[in-house]
Amino acid sequence: MISIDPEGQSTQDNYKLLIGGIIPRPIALITTLSEEGVLNAAPFSFFNIVAADPPMIAVSVQRKGGIQKDTARNAIAKRQFVTHIADERYVEALNVTAAPAPPDVSEVELAGLTPVASEIITVPGVAEAAIRLECVLEQAIPLGGTLIGDAGVPSTDLLIGRVVRFHIDEKLYNNGRIDPEALKPVSRLAGNDYAKLGERFTLVRPT
């Protein structure tokens, strides 16, 4: 085994080990609404489930030079966002939303995605996703970074969202469960690589 001290190498080198080793990662397309009414969207693979009671998810939004990204800034200001599960049907459009667009440009429009009104919150989602979750912001936690004097400069914003409405394509839904073959989820690997669902196998948990 190779032993590596993360404090002895650069952030980028640590990042490469994380995204190369922690695979596959689910991808969330997050939509938020700016104070000016611009519908922003961006994909994130630092994303997963937090709890089921109540249903909560978490997404980590990395900062650039200590500056919050549009997604974190908008979600914190509005206390709302929509989480979409990435799937094969719209993955190319999802990739377009990763473009470094200015805050006054809607990545939803840029990618040719279709806005759809939410039921509980004011932030719209996108119609192309087979699963979308309306979320209210439970907590926003600044994390990481370095210390400059007595002031901490976080490197990321951890957004914890409480799901207040599930929207699921009826083709996926069967007796309270979701058919993964019908969902056709897409996951993130390292670099420019992605993965499809692939082969499945079953293991019964010990009792």
J.: Between S106 (side chain) and V108 (backbone), is there a donor-acceptor pair under 3.5 Å?
T.: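 At least one qualifying donor-acceptor pair exists.
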J.: Determine, using the 4.5 Å side-chain heavy-atom cutoff (strictly less than), whether I168 and V163 are members of one ILVMFWY cluster.
T.: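 Yes, because I168 and V163 connect within a single hydrophobic cluster, where side-chain heavy atoms sit under 4.5 Å apart.
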J.: I'd like to check the salt bridge (Lys or Arg N to Asp or Glu O under 4.0 Å) partners of E181; sequence neighbours left out, ordered by chain and number.
T.: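 By the salt bridge (Lys or Arg N to Asp or Glu O under 4.0 Å) rule, E181 matches R200.
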J.: Got a second to check how far K78's NZ is from R73's CZ, nearest 0.5 Å?
T.: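 So the NZ of K78 and the CZ of R73 are separated by 13.0 Å.
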J.: Could I get the full list of side-chain contact (heavy atoms from CB on, under 4.5 Å) partners for A140, not counting sequence neighbours?
T.: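 Here the qualifying residues are I76, L137, L159.
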J.: When you compare the side chain of F81 with that of T31, does any pair of heavy atoms fall below 4.5 Å?
T.: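 T31 vs F81: side chains apart.
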J.: Can you check whether V186 reaches L197 side chain to side chain, under 4.5 Å on heavy atoms?
T.: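 No. Closest side-chain heavy atoms not under 4.5 Å.
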J.: Under a plain distance cut-off of 3.5 Å, with no hydrogens placed, do S10 and D13 share a side-chain donor-acceptor pair?
T.: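 Looking only at side-chain atoms, S10 and D13 do form a donor-acceptor pair, the distance falling under 3.5 Å.
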J.: Can you name the side-chain hydrogen bond (donor to acceptor under 3.5 Å, both in side chains) partners of T32, sequence neighbours left out?
T.: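 Per chain and number, T32 pairs via side-chain hydrogen bond (donor to acceptor under 3.5 Å, both in side chains) with N74.
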J.: Please identify each residue that fulfils side-chain contact (heavy atoms from CB on, under 4.5 Å) with T122, with sequence neighbours left out.
T.: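 side-chain contact (heavy atoms from CB on, under 4.5 Å) check on T122 returns Q80.
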J.: Which ILVMFWY residues can you reach from I4 by hopping between side chains whose heavy atoms are under 4.5 Å apart?
T.: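 For the cluster that includes I4, the remaining residues are I2, L17.
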J.: If you look at every heavy atom in L29 and A41, which pair is closest and at what distance?
T.: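 What the structure gives for the nearest pair is CD1-CB, 4.1 Å.
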J.: Any link between V61 and I141 through a network of hydrophobic side chains (Ile, Leu, Val, Met, Phe, Trp, Tyr) touching at under 4.5 Å?
T.: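 V61 does not cluster with I141.
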J.: Quick one: closest heavy-atom pair of P124 and V82, and the distance?
T.: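 Heavy atoms only, the tightest pair is O-CG2, 3.7 Å.
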J.: Kindly indicate whether the side chain of Y194, heavy atoms from C-beta on, has any atom under 4.5 Å from the side chain of N95.
T.: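 SC-SC contact between Y194 and N95 confirmed.
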J.: Under the salt bridge (Lys or Arg N to Asp or Glu O under 4.0 Å) definition, can you give me all pairs with a residue in residues 41-67, not counting sequence neighbours?
T.: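 Every pair satisfying salt bridge (Lys or Arg N to Asp or Glu O under 4.0 Å) with a residue in residues 41-67: R63-D157.
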J.: Nearest heavy-atom pair of S118 and G125: which atoms, and what distance?
T.: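 Shortest heavy-atom separation between S118 and G125 comes out as OG-N, 4.1 Å.
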J.: Less than 4.5 Å apart, any side-chain heavy atom of P185 and any of D87?
T.: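 Side-chain contact under 4.5 Å: no.
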J.: Within the side chain of H84, is there an N or O that forms a donor-acceptor pair under 3.5 Å with the backbone of L133?
T.: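 Not at all, since once roles are kept as given, no pair shorter than 3.5 Å links the two residues.
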J.: Just grab all the salt bridge (Lys or Arg N to Asp or Glu O under 4.0 Å) pairs involving residues 40-49, residues at least two apart or on different chains.
T.: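 Those involving residues 40-49 do not exist here.
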J.: Hydrophobic clusters here meaning ILVMFWY residues chained together by side-chain heavy-atom distances under 4.5 Å, can you tell me if L158 and F47 are in one?
T.: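 No; F47 is not reachable from L158 via cluster members.
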J.: Quick check: does any side chain N or O of N40 sit under 3.5 Å from a backbone N or O of V105, one acting as donor and the other as acceptor?
T.: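 Confirmed, N40 side chain pairs with V105 backbone.
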J.: Using side-chain heavy atoms (C-beta onward) and a distance below 4.5 Å, is V38 in contact with P103?
T.: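 Contact flag for V38/P103 side chains = no.
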J.: Are side-chain heavy atoms of V136 and I121 found at a separation under 4.5 Å?
T.: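 The answer is yes, as the side chains (C-beta and beyond) meet within the 4.5 Å cut-off.
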J.: Which atom names give the shortest non-hydrogen contact between L183 and L172, and what distance separates them?
T.: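 Reported closest heavy-atom pair: N-CD2, 3.4 Å.
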J.: Enter the distance from T83:OG1 to I30:CD1 here, rounded to the nearest 0.5 Å.
T.: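 So the OG1 of T83 and the CD1 of I30 are separated by 3.5 Å.
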J.: In Å, rounded to the nearest 0.5 Å, how long is the span from CG of D70 to CG of L33?
T.: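 So the gap between those two atoms works out to 12.0 Å.
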J.: Indicate, with yes or no, if F166 and M56 share a hydrophobic cluster defined by side-chain heavy-atom contacts under 4.5 Å among Ile, Leu, Val, Met, Phe, Trp and Tyr.
T.: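 Shared cluster, no.
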J.: On a heavy-atom basis, which atom in C135 and which in V164 lie closest, and how many Å separate them?
T.: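 Heavy atoms only, the tightest pair is N-CG2, 4.4 Å.
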J.: Within the supplied structure, the quantity of interest is the number of heavy atoms (other residues, nucleotides, ligands) at a distance under 6.0 Å from D5 CG; does it exceed 12?
T.: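 Above 12, so yes.
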J.: Side-chain donor-acceptor pairs under 3.5 Å in residues 20-28, sequence neighbours left out?
T.:
| unit_1 | atom_1 | unit_2 | atom_2 | d |
| --- | --- | --- | --- | --- |
| R25 | NE | S45 | OG | 3.1 |
| R25 | NH1 | I19 | O | 2.9 |
| R25 | NH1 | I22 | O | 3.1 |
| R25 | NH2 | S45 | OG | 3.2 |
| R25 | NH2 | L189 | O | 3.1 |

J.: For A42, what residues pass the side-chain contact (heavy atoms from CB on, under 4.5 Å) criterion, not counting sequence neighbours?
T.: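 F44, T71.
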J.: Could you pull out all residues at least two apart from K196 that satisfy side-chain contact (heavy atoms from CB on, under 4.5 Å)?
T.: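 In terms of side-chain contact (heavy atoms from CB on, under 4.5 Å), with neighbours along the sequence ignored, K196 is linked to E88.
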J.: Applying salt bridge (Lys or Arg N to Asp or Glu O under 4.0 Å), which residue pairs with at least one partner in residues 128-138 are found, sequence neighbours left out?
T.: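 Salt bridge (Lys or Arg N to Asp or Glu O under 4.0 Å) check on residues 128-138 returns E138-R162.
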J.: Rounded to the nearest 0.5 Å, how far does OH of Y173 lie from CD of E170?
T.: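 It comes to 12.0 Å.
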J.: Let me confirm one number: the OH-OG1 distance from Y90 to T97, rounded to the nearest 0.5 Å.
T.: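 Going from the OH atom of Y90 to the OG1 atom of T97 covers 8.5 Å.
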J.: If two hydrophobic side chains count as joined below 4.5 Å and joins carry through other members, does L39 share a cluster with L94?
T.: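 Same hydrophobic cluster.
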J.: Is the side chain of S60 donor-acceptor paired with the backbone N or O of F46 at a distance under 3.5 Å, no angle test?
T.: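 A pair under 3.5 Å: no.
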J.: Not counting sequence neighbours, list each pair that qualifies as a salt bridge (Lys or Arg N to Asp or Glu O under 4.0 Å) and has a residue in residues 93-120.
T.: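 Of all non-adjacent pairs touching residues 93-120, those that pass salt bridge (Lys or Arg N to Asp or Glu O under 4.0 Å) are E119-R165.
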